[in-house]
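Written below as structure tokens is the structure these notes are about.
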Amino acid sequence: MNQTVYHLLHTCKTLKRLKSLHALLLVSGSIDSSDLVLNKIIRLYSRFGATDYARNVFDEITERNPFLWNSMIHGYVENSQHTEAFSLFRDMDVTPLNFTVSSILKALGRLKWLRVGEGMFGLIWKCGFCFDLLVQNSLIDCFMRCGEVDCARRVFDGLEEKDVVSWNSMLSGLEIARELFDSMHEKNVVSWTSVICGYVRKGDMVEARNLFEAMPTKDMAAWNVMISGYTDVGDMHTASSLFEAMPFRDTGTWNLMISGYCKVGELERARKYFEQMPCTNVVSWTMMIDGYVKSGNLHEARYLFDEMPEKNLITWSTMIGGYAKNGKPSAALELFKSFKKQGLELDETFILSIISACSQLGIVDTVESVMSDDVGSRYFSDTRVVNSLIDLYAKCGNIEKASQVFEMEDKKDFCCYSTMIVAFANHGLVEKAVYLFEDMQRKNIEPDEVTFLGVLSACNHGGLVNEGRRYFKQMTEEFKIQPTEKHYACMVDILGRSGFLEEAHEMILSMHVAPTSAVWGAMLAASNVHRNVQMAEIAASELFKIEPENSGNYILLSNIYAAEGRWHDVARVRSLIREHHVKKNRGSSWIELASAVHEFVMGDFSHVDADRICFILSLLNEDMKLSGYTKNKDLHPISTLNPSYLSLSSDTEMDEELF
DNA sequence: GCAGACGTCA
């Protein structure tokens, strides 16, 4: 009987089938005796992601053997329910199997619970698993994953007095793992790959490479890990030389190369690999489409999209989002409609990516039609979706609606607050941003670096120097958050514009990362406002080093000299421009737009649709106060646009003056 | 027991 049941269970390919068979077995009362059958049921439920059903079965069993425990714990881990796995593990009243220990270590590694992982040593010793290769490899993997925790480091750095114990406990997981690895008598491919992968994750390609070279036999995983490490840092040169040297490649390897070249924007190279590879899959196609979308080539993207044999949810969201990001809301909408006909179930990430694509250009309609859909509205409960909706409305200029959505959300997390604070700051609603930040602290919600950036930029808008200083201090001292260049640039701007040039300069000198052009740029601008030639010279000379090709810096400096009547110096800067062959700065986005519009006006625009024209014009409307133009799709671009409208910026005037 | 490739708010 049991054999037949076992066999029947084996044929269950869907959760629905399994549930009905399970029900049948319960009714006929034929399963309570067999551990084997119960175990199979638990494992199947877990495989279908229904761990709650598995747990119900598990809880009904009075005498559980180690295999049953193992199945349940492993089921949780398989479904990324790591904390559930661990709490069940703690309840175990029988000696665990090595498989179970290995599963639990996997969970601890993903949770980055380093201390608990260390605590496992005793148990492993007691159960006699310390020479078990399976367990040893899992231990290494666990510690390797814990190696990147820096919250421990934050606490550590904040300690007034560091004693031996605290120093010892700061030995990172990576070092524990390495020690373990070095002391192993018998290492296999898995041990090697785990350690290498740990270094790759940490970004230490040198050590990763050393180990890789020392590895006696290299399997596919090892090669792929190395290649992905190089593509991650954009070193396509090394990646491709490894690729060439590889004795075997799978589809994943080829895809790594495609993804790498797409990331650095070398689409022709990516396409060449795509054409050459023996066997493509959905991922290869989707990556190529994404590459074309990012480079603005929607034609080619759509061509591949229509050509590809099967599409998944990601493919659809890439293409739909691609239209939205490139200012084609109606094409996005149309594609969304055909997506719905496919009957594919959408997920929260799908919604998120559409919202984010639309919010970049302020397209509300597409999102609203997705969300008003019966499938879409289910995701209103997802905090992340709500957050991106807030962001969307804010970016579209509808701060009231953004604020309404924010107020409606009852589980506001730090992300939610951050989004709203940034939104207020960008709209110049300084008091509201600051109030919200204070409110957040009253409710004991811990801010992160983005929250601080938001409140600092609010201070910047409002010229709140003292508040800015206080928040910056709070961020670094109380919350131990390392400021990024953006934080510094913001602070320099706040201080500089209020005339505290010395203090701003000191702040730059105290930076632990190399100051970027944004930081020195803020300094230069502030020096201009306060006519401080000496400080301007310092900032400008740094800027010339970082971005010698940016004409704006030379122009600003020469304007400062000119204001002081120092004509010799003005001439000197001019000659500098000639010396460095600095071209006119045409890099800023609105100038690109202007020239795009110019193209329509002057040339053939038959390939350009109304959407795009409308989109560009609406941007121009905002940025350049294009006079007398009303947004209307039916207007003929030639009749409404005249290139002479496009020379409104004061920067451009300076440009013309100088060259 | 190890790895990798596509869409995710501030």
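Letters A, B, ... are given to chains in the order of the sequence lines, protein chains preceding strands, and every chain is numbered from 1. Heavy atoms only: backbone and side chains are in, while hydrogens, waters and symmetry mates are out. What you see is a predicted model, and the numbers here were worked out from it, not measured in a lab.
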**Study point:** Base dG1(B) to side chain Asp132(A), donor-acceptor N/O within 3.5 Å cut-off
**Key:** no
Check your understanding: Is Lys218(A) touching bases, backbone alone, or none of the nucleic acid, heavy atoms closer than 4.0 Å?
Key -> nothing
Point to revise | Passing candidate, ring-ring contact (aromatic ring centres under 6.0 Å, His included) with Phe243(A), options Tyr273(A), Phe248(A), Tyr230(A) | key: Tyr273(A)
Exercise for review: Examine Trp316(A) together with Phe305(A) and report whether their ring centres are nearer than 6.0 Å.
Suggested key: yes
Study note, to complete from the structure: Of the candidates dG7(B), dC9(B), dA10(B), the side chain of Ser418(A) sits closest to dA10(B)
Review point. Val422(A) near the nucleic acid: base, sugar-phosphate alone, or nothing, with a heavy-atom cut-off under 4.0 Å?
Key: sugar-phosphate
**Study point:** Atom-pair distance (CG on Leu352(A); P on dC9(B)), nearest Å
**Key:** 7 Å
Review point. What is the nucleic acid contact for Ser353(A), judged by heavy atoms within less than 4.0 Å: base, sugar-phosphate only, or nothing?
Key: sugar-phosphate
Exercise for review: Using a 4.0 Å heavy-atom cut-off across all strands, classify Ser102(A) as base, sugar-phosphate, or nothing.
Suggested key: sugar-phosphate
Review point. Donor-acceptor pair under 3.5 Å: do we get one between Asp250(A)'s side chain and the base of dG4(B)?
Key: yes
Study note, to complete from the structure: Taken to the nearest whole Å, CG/Leu134(A) to C1'/dG1(B) is 5 Å
Point to revise | Short side-chain N/O contact from Arg110(A) to OP1 or OP2 of dC2(B), under 4.0 Å | key: yes
Review point. Can any side-chain N or O of Asn70(A) pair as donor or acceptor with the backbone N or O of Thr100(A) at less than 3.5 Å?
Key: yes
Exercise for review: Check whether any side-chain nitrogen or oxygen of Lys311(A) sits under 4.0 Å from OP1 or OP2 of dC6(B), and answer yes or no.
Suggested key: no
Exercise for review: Classify the nucleic acid contact of Cys197(A) as base, sugar-phosphate or nothing, counting any heavy atom under 4.0 Å across all strands shown.
Suggested key: sugar-phosphate
Check your understanding: Has the side chain of Ser388(A) got a donor or acceptor that lies under 3.5 Å from a partner of the other kind on the base of dC9(B)?
Key -> no
Practice item. Could you tell me the separation between the CG atom of Asn255(A) and the C1' atom of dG7(B), rounded to a whole number of Å? Key: 15 Å
**Study point:** Out of dG7(B), dA3(B), dG1(B), whichever nucleotide has its closest atom nearest the side chain of Leu133(A)
**Key:** dG1(B)
Check your understanding: Does Glu449(A) offer a backbone N or O that forms a donor-acceptor pair with the side chain of His487(A) under 3.5 Å?
Key -> yes
Revision key, fill the gap. Of dC6(B), dG1(B), dT8(B), the nucleotide closest to the side chain of Thr349(A) is dT8(B)
Review point. Does any N or O in the side chain of Ser194(A) come within less than 3.5 Å of the main-chain N or O of Ser191(A), such that one atom is a donor and the other an acceptor?
Key: no
Practice item. Remember a base hit wins even if backbone is also touched, and classify Leu392(A) as base, sugar-phosphate or nothing at under 4.0 Å, heavy atoms. Key: nothing
Exercise for review: Looking only at side-chain atoms of Asp141(A), point me to the closest of dG7(B), dA5(B), dC2(B).
Suggested key: dC2(B)
Check your understanding: Given atom CD1 of Ile351(A) and atom C1' of dG7(B), what is their separation to the nearest angstrom?
Key -> 12 Å
Practice item. Give one of base, sugar-phosphate or nothing for Val190(A), where a contact means two heavy atoms less than 4.0 Å apart. Key: base
